[in-house]
Amino acid sequence: MKIKKTTFLKFFLSSFIVILLISSLFLKFSIDEIKRIFIENGKNELHNISLSLYDSFKELLIAGNQQDIDKACKRYGKRLGIRITVIAKDGTVLGDSIKDPNSMENHINRPEIKAAMKRGEGSSLRYSTTLDRYLIYNAIRISEGNNIIGFLRTSVFLNDINTEIGKVKRDITEDLVIILLFSCLVSLVISKTLTIPIEDMIDKVERIAKGNFNVRITRLRRGELGKLGRNINDMAERLEFLFNELQKEKQILKDIIDASPVCLCVIGLDGKIIMANKALKELIKEQEIEGKAYWRFFKEPKLNLFIQDFEKEPRDMQQEVTIEDKTFLCNIKFIKDQESAVISLYDISFLKDTERIKKDLVANMSHELKTPITAINGYVKTLLEIENDNEKRRFLQIIDRNVERILNVVNNLLLLSELEIMKKLNKEDVDLEEMIKDIFSMFYPKLKEKGIPFLVQIDKSARLIKADRFRLEQALINIIDNAVKYTEKGRITVRAFCKKEEVEIEISDTGPGIPEEHISRIFERFYVVDRSRSRKIGGTGLGLSIAKHIIELHKGRIIVDSIPQKGTTFHIFLPLKA
Ligand code: ADP
């Protein structure tokens, strides 16, 4: 609003001052001109009067009676309302219509007398010391033949002219005031008409400058202002387009950075976070971190020290750090031009896990093979030394059991590596109920021996599924085998039903259950909860690993629920669409 008023006032005041200045100058010049015309007219009039009186005063001068001259001056002066002075050739005043000529000083040096002496006539506008007033003078030379006999001087008071001029001045001033008032009104209207679109433009440009790019100038005029308005609109449109493009690009970039599983953030050399991606915010469990110091959120001392080290001497750095049981590879990339650093935290826990699993696998496999081989080795050596047939038979049976165990481990390992390279399954229609019942019939003697009943509940909708019959049976045998092996009392139940686009197979037992801390690892190769128990009942630690592989080959998943001392339930989910 302030700007609007200033623009309008500036416009209005400047035009008002211009009008005032022109009017004053006009007033001054016209008055000067009028004054000049009045003076000129006065001089002309005096000239004409002097000519008409010339003869009379020539006669009087020739006659040479000063009293007559003075009387004539007074008489004509009174009649014509002017001052008349007659001056002798030597400058002596012979007669004057207002003053006593004897009291007047010599007039030979008066400018109008000097001019008349030279050129025959002269005039001047000057101050009269005799009368103490301003007068216009006209003097003519009176000659007889070639001899100058005197001068006739006529004059009027300037005051009289000034009074006349004053009247004209008043009239002109009155007219000018009216013109000025009218001009003010016109200037007010013009200023308003001109400033309204300018104010509109200023207001809109201000809004555009503040980032409101969809603002447009609507009152588009013709001429220069219209052109300016259209240019501003074009500029705003272009800015809006560029701004939107920039926003889109920024959003795409943000989406890409946010989609990255790597935790990323940029920090300035002052330690303040410039930006951070979603993964990092999730890791530190904070959302509004931009503009704040990194040490408020990076609580891990090793990571903090690592960044502090960078701050002391900015350079590219790399180090492993542990945050909440996870191992990260922390990279600091120094961006010199931006005086900042890109910090990335790459979760390498899975690499660490794989490394550990590999180590465990080799150790477990060696152990699984070494134990029966050592046993076989010992019994073979003993066999060579004993004679008793019964004892020989007992040792051979032990050797046979250990060979079978080695074979079992090797077969399972071979099966696992076969599953690992397998790409395609031989899928066909499988009657799930029939398959499960067949599996239970395999375990029937064992179940009967333990006195454990089994229950099979297969929903009609889940009865027929598409699967690799041989592989699926293998997976179910491994899981049901475990249930039979580990359950001593209670029951074993297998249920199957359809759930959305999947079929779920549930195998529950009332066995010892699996402690919480082991649940995440039971699908690893050779992982067993209790090694001596497992060995006693003939486990190798490969059964669940094989089952998981088979289910995943079917694009399904397997999870386990277990309550220690209550039982375990395995859930297998297989997609219905083959
Ligand atoms: P194993 O041949 O030793 O049974 P698995 O891979 O089949 O090997 O199972 C891994 C481990 O998971 C077992 O050693 C056992 O401790 C545990 N486990 C599997 N199934 C059950 C179950 N139904 N009840 C209790 N523990 C189980």
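Quick caveat, the model's predicted, so the values are computed rather than measured. As the structure lists them, so they are numbered: ligands from 1, and atoms in each ligand from 1. Note that these values count all heavy atoms, side chains included, but never hydrogens, waters or copies made by symmetry.
- Counting only heavy atoms from C-beta outward, the side chains of Thr322 and Phe328 never approach each other to under 4.5 Å.
- Geometrically, Arg315 does not engage Phe334 in a cation-pi contact defined by less than 6.0 Å to the ring centre and at most 45° from the axis.
- The residues Lys204 and Glu199 are annotated as not salt-bridged, no charged nitrogen and carboxylate oxygen being separated by less than 4.0 angstrom.
- Within a 6.0 Å sphere centred on CD of Glu339, other residues, nucleotides and ligands contribute 12 heavy atoms or fewer.
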Test Glu473 against Arg469 for salt bridge (charged side-chain N to carboxylate O under 4.0 Å, His left out), laying out the working first. CA-CA 6 Å; Glu473 192 176 44; Arg469 179 187 296 276; over 6 Å; no
Show me a pair-per-line table, with atom names and distances to 0.1 Å, of protein N or O atoms that are under 3.5 Å from an N or O of ligand 1.
{"unit_1": "ligand 1", "atom_1": "2 (O)", "unit_2": "Thr540", "atom_2": "N", "d": "2.9"}
{"unit_1": "ligand 1", "atom_1": "2 (O)", "unit_2": "Gly541", "atom_2": "N", "d": "3.1"}
{"unit_1": "ligand 1", "atom_1": "3 (O)", "unit_2": "Ser534", "atom_2": "OG", "d": "2.9"}
{"unit_1": "ligand 1", "atom_1": "3 (O)", "unit_2": "Gly541", "atom_2": "N", "d": "3.3"}
{"unit_1": "ligand 1", "atom_1": "4 (O)", "unit_2": "Asn482", "atom_2": "OD1", "d": "3.0"}
{"unit_1": "ligand 1", "atom_1": "4 (O)", "unit_2": "Lys485", "atom_2": "NZ", "d": "3.4"}
{"unit_1": "ligand 1", "atom_1": "4 (O)", "unit_2": "Tyr486", "atom_2": "OH", "d": "3.3"}
{"unit_1": "ligand 1", "atom_1": "6 (O)", "unit_2": "Gly543", "atom_2": "N", "d": "3.3"}
{"unit_1": "ligand 1", "atom_1": "6 (O)", "unit_2": "Leu544", "atom_2": "N", "d": "2.9"}
{"unit_1": "ligand 1", "atom_1": "7 (O)", "unit_2": "Asn482", "atom_2": "OD1", "d": "3.3"}
{"unit_1": "ligand 1", "atom_1": "7 (O)", "unit_2": "Asn482", "atom_2": "ND2", "d": "2.8"}
{"unit_1": "ligand 1", "atom_1": "7 (O)", "unit_2": "Leu544", "atom_2": "N", "d": "3.4"}
{"unit_1": "ligand 1", "atom_1": "8 (O)", "unit_2": "Gly541", "atom_2": "N", "d": "3.3"}
{"unit_1": "ligand 1", "atom_1": "14 (O)", "unit_2": "Tyr486", "atom_2": "OH", "d": "3.3"}
{"unit_1": "ligand 1", "atom_1": "16 (O)", "unit_2": "Val529", "atom_2": "N", "d": "3.3"}
{"unit_1": "ligand 1", "atom_1": "16 (O)", "unit_2": "Arg533", "atom_2": "NH2", "d": "3.3"}
{"unit_1": "ligand 1", "atom_1": "20 (N)", "unit_2": "Asn482", "atom_2": "ND2", "d": "3.3"}
{"unit_1": "ligand 1", "atom_1": "23 (N)", "unit_2": "Asp509", "atom_2": "OD2", "d": "2.8"}

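- With hydrogens and angles ignored, the 3.5 Å screen pairs a side-chain donor or acceptor of Lys450 with a backbone N or O of Lys485.
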